[in-house]
Protein chains: 2
Amino acid sequence: MVISKSPARKAKPVRMQPKAAAEMPADAPLDLGELADLLGYSLKRAQLRVFEDFLSVMNPLQLTPAQFSVLLLMEKNPGRNQTEIASTLGIQRPNFVAMLDSLESRGLCVRLRSVSDRRSHVLMLTDKGRATLVRAKKLVAAKHETRISALLGESNRVALVRMLAKVAREL
Amino acid sequence: MVISKSPARKAKPVRMQPKAAAEMPADAPLDLGELADLLGYSLKRAQLRVFEDFLSVMNPLQLTPAQFSVLLLMEKNPGRNQTEIASTLGIQRPNFVAMLDSLESRGLCVRLRSVSDRRSHVLMLTDKGRATLVRAKKLVAAKHETRISALLGESNRVALVRMLAKVAREL
DNA sequence: CGTGTTTGGTATAGTGGATAACAATTATCA
DNA sequence: TGATAATTGTTATCCACTATACCAAACACG
(Lines give C-alpha, C1' and ligand atoms only; values in the text may rest on other atoms or scores of the structure.)
Protein backbone atom coordinates (compact mmCIF):
# COMPACT_ATOMS: atom_id res chain seq x y z
CA MET A 1 0.00 0.00 0.00
CA VAL A 2 1.19 3.42 -0.92
CA ILE A 3 1.36 6.18 1.60
CA SER A 4 -1.02 8.74 0.24
CA LYS A 5 0.32 12.26 -0.02
CA SER A 6 -3.15 13.54 -0.70
CA PRO A 7 -5.37 15.04 1.96
CA ALA A 8 -6.80 12.74 4.55
CA ARG A 9 -9.66 15.09 5.26
CA LYS A 10 -12.12 13.08 7.22
CA ALA A 11 -12.71 14.93 10.42
CA LYS A 12 -13.80 18.35 9.35
CA PRO A 13 -12.97 21.16 11.77
CA VAL A 14 -15.91 21.08 14.13
CA ARG A 15 -13.75 22.33 16.94
CA MET A 16 -14.53 25.77 18.20
CA GLN A 17 -12.32 28.76 18.64
CA PRO A 18 -10.97 28.58 22.21
CA LYS A 19 -10.45 32.01 23.70
CA ALA A 20 -11.76 35.19 22.22
CA ALA A 21 -8.35 36.86 22.31
CA ALA A 22 -8.02 40.63 22.46
CA GLU A 23 -10.06 42.41 19.85
CA MET A 24 -8.10 42.83 16.62
CA PRO A 25 -8.83 45.19 13.74
CA ALA A 26 -9.38 42.01 11.73
CA ASP A 27 -9.12 43.88 8.45
CA ALA A 28 -5.61 45.28 8.78
CA PRO A 29 -2.99 44.09 6.30
CA LEU A 30 -1.13 41.07 7.59
CA ASP A 31 2.33 41.30 9.09
CA LEU A 32 4.86 39.63 6.83
CA GLY A 33 7.31 39.22 9.69
CA GLU A 34 10.65 37.74 8.71
CA LEU A 35 9.19 36.92 5.31
CA ALA A 36 10.03 40.44 4.17
CA ASP A 37 13.73 39.76 4.83
CA LEU A 38 13.83 36.39 3.11
CA LEU A 39 15.64 36.68 -0.19
CA GLY A 40 13.70 33.81 -1.72
CA TYR A 41 10.38 35.45 -1.02
CA SER A 42 11.09 38.84 -2.55
CA LEU A 43 12.92 37.07 -5.35
CA LYS A 44 9.91 35.03 -6.30
CA ARG A 45 7.52 37.92 -5.96
CA ALA A 46 9.70 40.18 -8.09
CA GLN A 47 10.17 37.49 -10.71
CA LEU A 48 6.44 36.98 -11.09
CA ARG A 49 5.87 40.72 -11.41
CA VAL A 50 8.66 41.19 -13.96
CA PHE A 51 7.43 38.29 -16.08
CA GLU A 52 3.93 39.67 -15.93
CA ASP A 53 5.14 43.02 -17.19
CA PHE A 54 7.23 41.35 -19.88
CA LEU A 55 4.24 39.38 -21.10
CA SER A 56 2.00 42.41 -21.33
CA VAL A 57 4.66 44.40 -23.17
CA MET A 58 5.28 41.49 -25.53
CA ASN A 59 1.60 40.92 -26.08
CA PRO A 60 1.55 42.16 -29.69
CA LEU A 61 4.30 39.70 -30.62
CA GLN A 62 2.98 36.81 -28.53
CA LEU A 63 6.37 35.82 -27.18
CA THR A 64 6.93 34.40 -23.73
CA PRO A 65 10.14 35.12 -21.82
CA ALA A 66 11.32 31.60 -22.60
CA GLN A 67 10.60 31.94 -26.31
CA PHE A 68 12.30 35.30 -26.44
CA SER A 69 15.39 33.86 -24.79
CA VAL A 70 15.50 31.02 -27.29
CA LEU A 71 15.33 33.41 -30.24
CA LEU A 72 18.05 35.56 -28.70
CA LEU A 73 20.32 32.55 -28.27
CA MET A 74 19.72 31.42 -31.83
CA GLU A 75 20.66 34.84 -33.12
CA LYS A 76 23.89 35.08 -31.16
CA ASN A 77 24.79 31.42 -31.71
CA PRO A 78 23.68 30.34 -35.17
CA GLY A 79 24.43 26.77 -36.12
CA ARG A 80 24.01 25.24 -32.67
CA ASN A 81 21.85 22.20 -32.11
CA GLN A 82 18.86 21.67 -29.86
CA THR A 83 20.82 20.14 -26.99
CA GLU A 84 23.20 23.08 -26.83
CA ILE A 85 20.54 25.77 -26.91
CA ALA A 86 18.28 23.96 -24.46
CA SER A 87 20.96 23.14 -21.91
CA THR A 88 22.26 26.71 -21.96
CA LEU A 89 18.82 27.89 -20.93
CA GLY A 90 18.33 25.11 -18.40
CA ILE A 91 15.57 23.57 -20.46
CA GLN A 92 15.20 19.80 -20.48
CA ARG A 93 15.69 18.44 -24.01
CA PRO A 94 12.30 16.69 -24.11
CA ASN A 95 10.56 19.88 -23.07
CA PHE A 96 12.41 21.82 -25.73
CA VAL A 97 10.81 19.81 -28.53
CA ALA A 98 7.31 21.26 -28.22
CA MET A 99 8.76 24.71 -27.76
CA LEU A 100 10.68 24.47 -31.02
CA ASP A 101 7.66 22.96 -32.74
CA SER A 102 5.75 26.08 -31.80
CA LEU A 103 8.43 28.53 -32.95
CA GLU A 104 9.03 26.62 -36.17
CA SER A 105 5.31 26.34 -36.98
CA ARG A 106 5.13 30.09 -36.62
CA GLY A 107 7.93 30.41 -39.14
CA LEU A 108 10.36 32.03 -36.72
CA CYS A 109 13.08 29.40 -36.96
CA VAL A 110 13.99 26.18 -38.73
CA ARG A 111 15.61 22.87 -37.84
CA LEU A 112 18.19 21.88 -40.40
CA ARG A 113 19.71 18.43 -40.43
CA SER A 114 23.40 18.91 -39.72
CA VAL A 115 25.76 17.81 -42.47
CA SER A 116 28.48 16.89 -40.01
CA ASP A 117 26.27 14.91 -37.61
CA ARG A 118 23.02 13.69 -39.06
CA ARG A 119 21.57 13.06 -35.61
CA SER A 120 21.48 16.71 -34.67
CA HIS A 121 19.40 19.61 -35.89
CA VAL A 122 21.10 22.89 -36.51
CA LEU A 123 18.87 25.75 -35.38
CA MET A 124 18.57 28.91 -37.44
CA LEU A 125 16.38 31.97 -37.30
CA THR A 126 14.34 32.64 -40.42
CA ASP A 127 14.05 36.13 -41.88
CA LYS A 128 10.71 36.39 -40.17
CA GLY A 129 12.32 35.25 -36.92
CA ARG A 130 15.00 37.89 -37.24
CA ALA A 131 12.45 40.58 -37.99
CA THR A 132 10.32 39.49 -35.05
CA LEU A 133 13.34 39.52 -32.78
CA VAL A 134 14.22 43.07 -33.83
CA ARG A 135 10.73 44.22 -32.94
CA ALA A 136 10.79 42.26 -29.70
CA LYS A 137 14.06 43.81 -28.62
CA LYS A 138 12.72 47.27 -29.30
CA LEU A 139 9.60 46.59 -27.28
CA VAL A 140 11.57 45.19 -24.35
CA ALA A 141 14.03 48.04 -24.37
CA ALA A 142 11.42 50.78 -24.77
CA LYS A 143 8.66 49.57 -22.50
CA HIS A 144 10.05 46.92 -20.16
CA GLU A 145 13.65 47.50 -19.14
CA THR A 146 13.13 51.25 -19.34
CA ARG A 147 10.33 51.01 -16.84
CA ILE A 148 12.45 49.04 -14.43
CA SER A 149 15.29 51.48 -14.87
CA ALA A 150 12.94 54.37 -14.15
CA LEU A 151 11.88 52.65 -10.96
CA LEU A 152 15.29 51.73 -9.57
CA GLY A 153 17.64 54.01 -11.40
CA GLU A 154 19.84 52.64 -14.16
CA SER A 155 22.91 52.08 -11.99
CA ASN A 156 20.85 50.21 -9.43
CA ARG A 157 19.24 48.13 -12.17
CA VAL A 158 22.67 47.12 -13.43
CA ALA A 159 23.85 46.33 -9.92
CA LEU A 160 20.73 44.27 -9.34
CA VAL A 161 21.26 42.20 -12.46
CA ARG A 162 24.89 41.69 -11.56
CA MET A 163 24.07 40.44 -8.07
CA LEU A 164 21.37 38.12 -9.36
CA ALA A 165 23.72 36.67 -11.94
CA LYS A 166 26.29 36.10 -9.22
CA VAL A 167 23.76 34.31 -7.06
CA ALA A 168 22.63 32.16 -9.99
CA ARG A 169 26.22 31.33 -10.85
CA GLU A 170 28.01 30.96 -7.54
CA LEU A 171 25.52 30.03 -4.86
CA MET B 1 -13.31 25.05 -34.71
CA VAL B 2 -10.60 25.84 -32.27
CA ILE B 3 -7.22 27.02 -33.38
CA SER B 4 -4.82 24.40 -32.14
CA LYS B 5 -1.89 25.68 -30.15
CA SER B 6 -0.24 22.27 -30.22
CA PRO B 7 2.57 21.31 -32.56
CA ALA B 8 1.74 20.61 -36.17
CA ARG B 9 4.76 18.43 -36.71
CA LYS B 10 4.17 16.68 -40.00
CA ALA B 11 7.08 17.57 -42.24
CA LYS B 12 10.16 16.50 -40.35
CA PRO B 13 13.29 18.46 -41.12
CA VAL B 14 14.67 16.68 -44.18
CA ARG B 15 16.22 19.89 -45.40
CA MET B 16 19.96 20.02 -45.40
CA GLN B 17 22.29 22.54 -43.89
CA PRO B 18 22.93 25.12 -46.64
CA LYS B 19 26.41 26.58 -46.41
CA ALA B 20 29.18 25.17 -44.30
CA ALA B 21 29.82 28.51 -42.58
CA ALA B 22 33.23 29.33 -41.17
CA GLU B 23 34.59 26.66 -38.85
CA MET B 24 33.50 27.23 -35.29
CA PRO B 25 34.92 25.72 -32.10
CA ALA B 26 31.54 24.01 -31.78
CA ASP B 27 32.12 23.17 -28.15
CA ALA B 28 32.62 26.64 -26.75
CA PRO B 29 30.08 27.91 -24.22
CA LEU B 30 27.27 29.77 -25.92
CA ASP B 31 27.09 33.53 -26.03
CA LEU B 32 24.20 34.77 -23.93
CA GLY B 33 24.12 38.08 -25.75
CA GLU B 34 21.61 40.58 -24.39
CA LEU B 35 20.14 37.81 -22.29
CA ALA B 36 22.75 38.51 -19.65
CA ASP B 37 21.40 42.04 -19.26
CA LEU B 38 17.76 41.10 -19.10
CA LEU B 39 16.50 41.45 -15.55
CA GLY B 40 13.86 38.77 -16.02
CA TYR B 41 16.43 36.20 -17.04
CA SER B 42 18.83 36.61 -14.14
CA LEU B 43 15.87 36.97 -11.85
CA LYS B 44 14.44 33.63 -12.83
CA ARG B 45 17.78 31.91 -12.75
CA ALA B 46 18.62 33.29 -9.31
CA GLN B 47 15.19 32.39 -7.98
CA LEU B 48 15.55 28.78 -9.07
CA ARG B 49 18.98 28.55 -7.48
CA VAL B 50 17.89 30.15 -4.21
CA PHE B 51 14.86 27.88 -3.92
CA GLU B 52 17.05 24.88 -4.67
CA ASP B 53 19.39 25.85 -1.86
CA PHE B 54 16.47 26.50 0.46
CA LEU B 55 15.02 23.08 -0.24
CA SER B 56 18.28 21.29 0.43
CA VAL B 57 18.81 23.21 3.66
CA MET B 58 15.24 22.51 4.73
CA ASN B 59 15.47 18.87 3.78
CA PRO B 60 15.45 17.54 7.37
CA LEU B 61 12.21 19.39 8.08
CA GLN B 62 10.60 18.70 4.71
CA LEU B 63 9.29 22.21 4.27
CA THR B 64 8.97 23.93 0.92
CA PRO B 65 9.43 27.69 0.62
CA ALA B 66 5.66 28.08 0.26
CA GLN B 67 4.95 25.97 3.35
CA PHE B 68 7.54 27.85 5.36
CA SER B 69 5.98 31.17 4.36
CA VAL B 70 2.54 29.94 5.41
CA LEU B 71 3.82 28.89 8.84
CA LEU B 72 5.57 32.23 9.26
CA LEU B 73 2.40 34.12 8.44
CA MET B 74 0.37 32.02 10.86
CA GLU B 75 2.82 32.77 13.61
CA LYS B 76 2.85 36.51 13.07
CA ASN B 77 -0.89 36.70 12.39
CA PRO B 78 -2.70 34.20 14.56
CA GLY B 79 -6.46 34.08 14.21
CA ARG B 80 -6.64 34.92 10.51
CA ASN B 81 -8.67 32.84 8.12
CA GLN B 82 -7.66 30.95 5.01
CA THR B 83 -8.61 33.69 2.59
CA GLU B 84 -6.48 36.26 4.38
CA ILE B 85 -3.39 34.10 4.66
CA ALA B 86 -3.65 32.82 1.11
CA SER B 87 -4.24 36.16 -0.54
CA THR B 88 -1.35 37.74 1.35
CA LEU B 89 0.93 35.16 -0.20
CA GLY B 90 -0.63 35.40 -3.63
CA ILE B 91 -2.02 31.89 -3.35
CA GLN B 92 -5.38 31.14 -4.93
CA ARG B 93 -7.87 30.02 -2.31
CA PRO B 94 -8.66 26.70 -4.00
CA ASN B 95 -4.95 25.88 -4.21
CA PHE B 96 -4.52 26.73 -0.57
CA VAL B 97 -6.86 23.94 0.54
CA ALA B 98 -4.56 21.04 -0.31
CA MET B 99 -1.64 22.92 1.16
CA LEU B 100 -3.42 23.35 4.47
CA ASP B 101 -4.58 19.73 4.37
CA SER B 102 -0.94 18.73 4.18
CA LEU B 103 0.22 21.00 7.00
CA GLU B 104 -2.72 20.04 9.20
CA SER B 105 -2.29 16.32 8.57
CA ARG B 106 1.31 16.70 9.69
CA GLY B 107 0.07 18.29 12.88
CA LEU B 108 1.70 21.65 12.24
CA CYS B 109 -1.46 23.73 12.30
CA VAL B 110 -5.21 23.49 12.83
CA ARG B 111 -8.34 24.95 11.28
CA LEU B 112 -10.75 26.19 13.92
CA ARG B 113 -14.28 27.18 13.07
CA SER B 114 -14.56 30.86 13.83
CA VAL B 115 -17.07 31.83 16.49
CA SER B 116 -17.77 35.17 14.88
CA ASP B 117 -18.22 33.90 11.34
CA ARG B 118 -19.01 30.24 11.02
CA ARG B 119 -18.05 30.20 7.35
CA SER B 120 -14.42 30.85 7.98
CA HIS B 121 -11.66 28.80 9.53
CA VAL B 122 -9.30 30.48 11.90
CA LEU B 123 -5.76 29.22 11.38
CA MET B 124 -3.47 28.48 14.30
CA LEU B 125 -0.08 26.90 14.69
CA THR B 126 0.06 23.89 16.95
CA ASP B 127 2.83 23.42 19.49
CA LYS B 128 4.47 21.09 17.05
CA GLY B 129 4.08 23.70 14.33
CA ARG B 130 5.70 26.33 16.52
CA ALA B 131 8.56 24.02 17.40
CA THR B 132 9.07 23.11 13.76
CA LEU B 133 9.06 26.76 12.80
CA VAL B 134 11.71 27.55 15.38
CA ARG B 135 13.94 24.84 13.95
CA ALA B 136 13.21 25.96 10.41
CA LYS B 137 14.14 29.54 11.16
CA LYS B 138 17.41 28.44 12.68
CA LEU B 139 18.24 26.33 9.66
CA VAL B 140 17.42 29.11 7.23
CA ALA B 141 19.39 31.67 9.18
CA ALA B 142 22.39 29.44 9.76
CA LYS B 143 22.74 27.69 6.44
CA HIS B 144 20.76 29.59 3.85
CA GLU B 145 20.72 33.33 4.37
CA THR B 146 24.18 33.19 5.84
CA ARG B 147 25.47 31.60 2.68
CA ILE B 148 23.94 34.28 0.51
CA SER B 149 25.30 36.95 2.79
CA ALA B 150 28.76 35.44 2.55
CA LEU B 151 28.51 35.53 -1.22
CA LEU B 152 27.26 39.08 -1.67
CA GLY B 153 28.15 40.77 1.58
CA GLU B 154 25.45 41.53 4.11
CA SER B 155 24.87 45.11 3.03
CA ASN B 156 24.50 44.04 -0.59
CA ARG B 157 22.13 41.27 0.42
CA VAL B 158 19.94 43.77 2.23
CA ALA B 159 20.06 46.16 -0.71
CA LEU B 160 19.16 43.31 -3.04
CA VAL B 161 16.13 42.33 -1.01
CA ARG B 162 15.04 45.94 -0.79
CA MET B 163 15.24 46.43 -4.56
CA LEU B 164 13.39 43.20 -5.23
CA ALA B 165 10.63 44.18 -2.84
CA LYS B 166 10.35 47.53 -4.57
CA VAL B 167 10.06 45.87 -7.97
CA ALA B 168 7.44 43.46 -6.67
CA ARG B 169 5.48 46.29 -5.09
CA GLU B 170 5.79 49.20 -7.50
CA LEU B 171 6.45 47.89 -10.99
C1' DC C 1 32.83 -5.11 -36.80
C1' DG C 2 30.37 -4.63 -32.16
C1' DT C 3 29.64 -1.97 -28.18
C1' DG C 4 28.58 2.23 -26.05
C1' DT C 5 27.14 7.08 -26.46
C1' DT C 6 24.70 10.99 -28.25
C1' DT C 7 20.61 13.25 -30.39
C1' DG C 8 15.95 14.25 -31.12
C1' DG C 9 11.74 12.55 -29.94
C1' DT C 10 7.60 10.21 -27.40
C1' DA C 11 5.07 9.14 -23.50
C1' DT C 12 4.09 10.09 -19.00
C1' DA C 13 3.84 11.89 -14.43
C1' DG C 14 4.27 15.51 -11.05
C1' DT C 15 3.65 20.34 -9.62
C1' DG C 16 1.93 25.11 -9.54
C1' DG C 17 -1.39 28.00 -10.75
C1' DA C 18 -6.16 29.46 -12.56
C1' DT C 19 -11.31 29.23 -13.13
C1' DA C 20 -16.14 27.58 -12.50
C1' DA C 21 -19.35 26.03 -9.58
C1' DC C 22 -21.50 24.77 -5.05
C1' DA C 23 -23.33 24.52 -0.12
C1' DA C 24 -23.27 26.92 4.00
C1' DT C 25 -23.24 31.15 6.05
C1' DT C 26 -23.42 36.06 6.50
C1' DA C 27 -24.49 40.82 4.84
C1' DT C 28 -27.57 44.06 2.74
C1' DC C 29 -31.58 46.53 2.30
C1' DA C 30 -36.31 47.29 0.48
C1' DT D 1 -38.74 40.76 8.55
C1' DG D 2 -37.59 38.40 4.27
C1' DA D 3 -35.57 38.20 -0.26
C1' DT D 4 -31.32 38.79 -2.55
C1' DA D 5 -26.45 39.38 -2.89
C1' DA D 6 -21.85 38.45 -1.25
C1' DT D 7 -18.34 35.64 1.14
C1' DT D 8 -15.93 31.27 2.72
C1' DG D 9 -14.07 26.90 2.14
C1' DT D 10 -14.18 23.34 -1.03
C1' DT D 11 -14.33 20.25 -5.25
C1' DA D 12 -13.42 19.43 -9.86
C1' DT D 13 -10.95 20.69 -13.84
C1' DC D 14 -7.73 22.61 -16.83
C1' DC D 15 -3.36 24.48 -18.42
C1' DA D 16 1.69 25.49 -18.30
C1' DC D 17 5.98 23.94 -16.91
C1' DT D 18 9.12 20.49 -15.40
C1' DA D 19 11.31 15.89 -14.78
C1' DT D 20 12.19 10.95 -15.98
C1' DA D 21 12.23 6.67 -18.62
C1' DC D 22 12.62 4.97 -22.87
C1' DC D 23 13.37 4.57 -28.06
C1' DA D 24 15.40 4.58 -32.89
C1' DA D 25 18.74 6.64 -35.66
C1' DA D 26 23.28 8.07 -36.02
C1' DC D 27 27.85 8.40 -34.48
C1' DA D 28 32.47 7.15 -31.83
C1' DC D 29 35.87 4.05 -31.32
C1' DG D 30 38.54 0.21 -29.87
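Protein chains get the first letters and strands the later ones, always in sequence-line order, with residue 1 at the start of each.
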Exercise. How close or far is atom P of dA19(D) from atom CE of Met99(A), stated in whole angstroms?
Worked result: 14 Å

Problem set entry | Integer-rounded Å distance: dA16(D) P and Leu55(A) CG | 12 Å

Exercise. More 5' along DNA chain C: Thr83(A) or Lys44(A), using each one's nearest nucleotide?
Worked result: Thr83(A)

Exercise. Taking CZ from Arg113(B) and C1' from dT25(C), how many angstroms apart are they, rounded to a whole number?
Worked result: 10 Å

Exercise. Nearest of dT20(D), dT26(C), dT7(C) to any side-chain atom of Pro94(A)?
Worked result: dT20(D)

Exercise. Taking atom types as they are modelled, is there a donor-acceptor pair under 3.5 Å from the base of dT6(C) to the side chain of Arg119(A)?
Worked result: yes

For this session: Find the distance Ile85(B):CD1 to dG9(D):P and express it as a whole number of Å.
Result: 10 Å

For this session: Name the orientation class of the two ring planes belonging to Phe54(A) and Phe68(A) (parallel below 30°, tilted from 30 to 60°, perpendicular beyond 60°).
Result: tilted

For this session: Among the candidates dT8(D), dA26(D), dT10(D), find the nucleotide nearest to the side-chain atoms of Asn81(B).
Result: dT8(D)

For this session: Measure from the side-chain heavy atoms of Arg111(B) and tell me the nearest of dA26(D), dG9(D), dT10(D).
Result: dT10(D)

Problem set entry | Ser69(B) OG to Leu32(A) CG distance, which is reported to the nearest 0.5 Å | 10.0 Å

Problem set entry | For Glu52(B), all residues meeting side-chain contact (heavy atoms from CB on, under 4.5 Å), sequence neighbours excluded | Arg49(B)

For this session: Choose from dT25(C), dT10(D), dG8(C) the nucleotide whose nearest atom is closest to any side-chain atom of Arg118(B).
Result: dT25(C)

Problem set entry | Distance, nearest 0.5 Å, that separates CD of Gln47(A) from CZ of Arg45(B) | 12.5 Å

Exercise. Would you say the side-chain atoms of Ser87(A) pair up with the backbone N or O of Thr83(A), donor to acceptor, closer than 3.5 Å?
Worked result: yes

Exercise. With a 4.0 Å cut-off on heavy atoms, is Gln82(A) in touch with a base, just the backbone sugar-phosphate, or nothing at all?
Worked result: sugar-phosphate

Could I get a table of every N or O pair under 3.5 Å where one atom is in the protein and the other is in nucleotides 2-5 of chain D?
none

Exercise. Between Phe51(B) (CZ) and dT15(C) (C1'), how many Å, whole number?
Worked result: 14 Å

Seminar exercise, completed: Rounded to whole Å, the CD1-C1' distance (Ile91(A) to dG9(C)) equals 16 Å

Exercise. Once you round it to whole Å, what is the distance between P of dT20(D) and CZ of Arg93(A)?
Worked result: 12 Å

Exercise. Atom CG in Asn77(B), atom CG in Leu123(B): separation rounded to 0.5 Å?
Worked result: 10.5 Å

Seminar exercise, completed: In whole angstroms, the gap separating P of dT7(C) from CG of Leu123(A) amounts to 13 Å

Seminar exercise, completed: Sorted by position of nearest nucleotide on DNA chain C, 5' first, the leading residue of Leu100(A) and Asn95(B) is Leu100(A)

Problem set entry | Short side-chain to backbone donor-acceptor contact, Glu170(B) and Val167(B), under 3.5 Å | no

Exercise. For Gln92(B) and dG17(C), is the shortest distance between a side-chain N/O and OP1 or OP2 below 4.0 Å?
Worked result: no

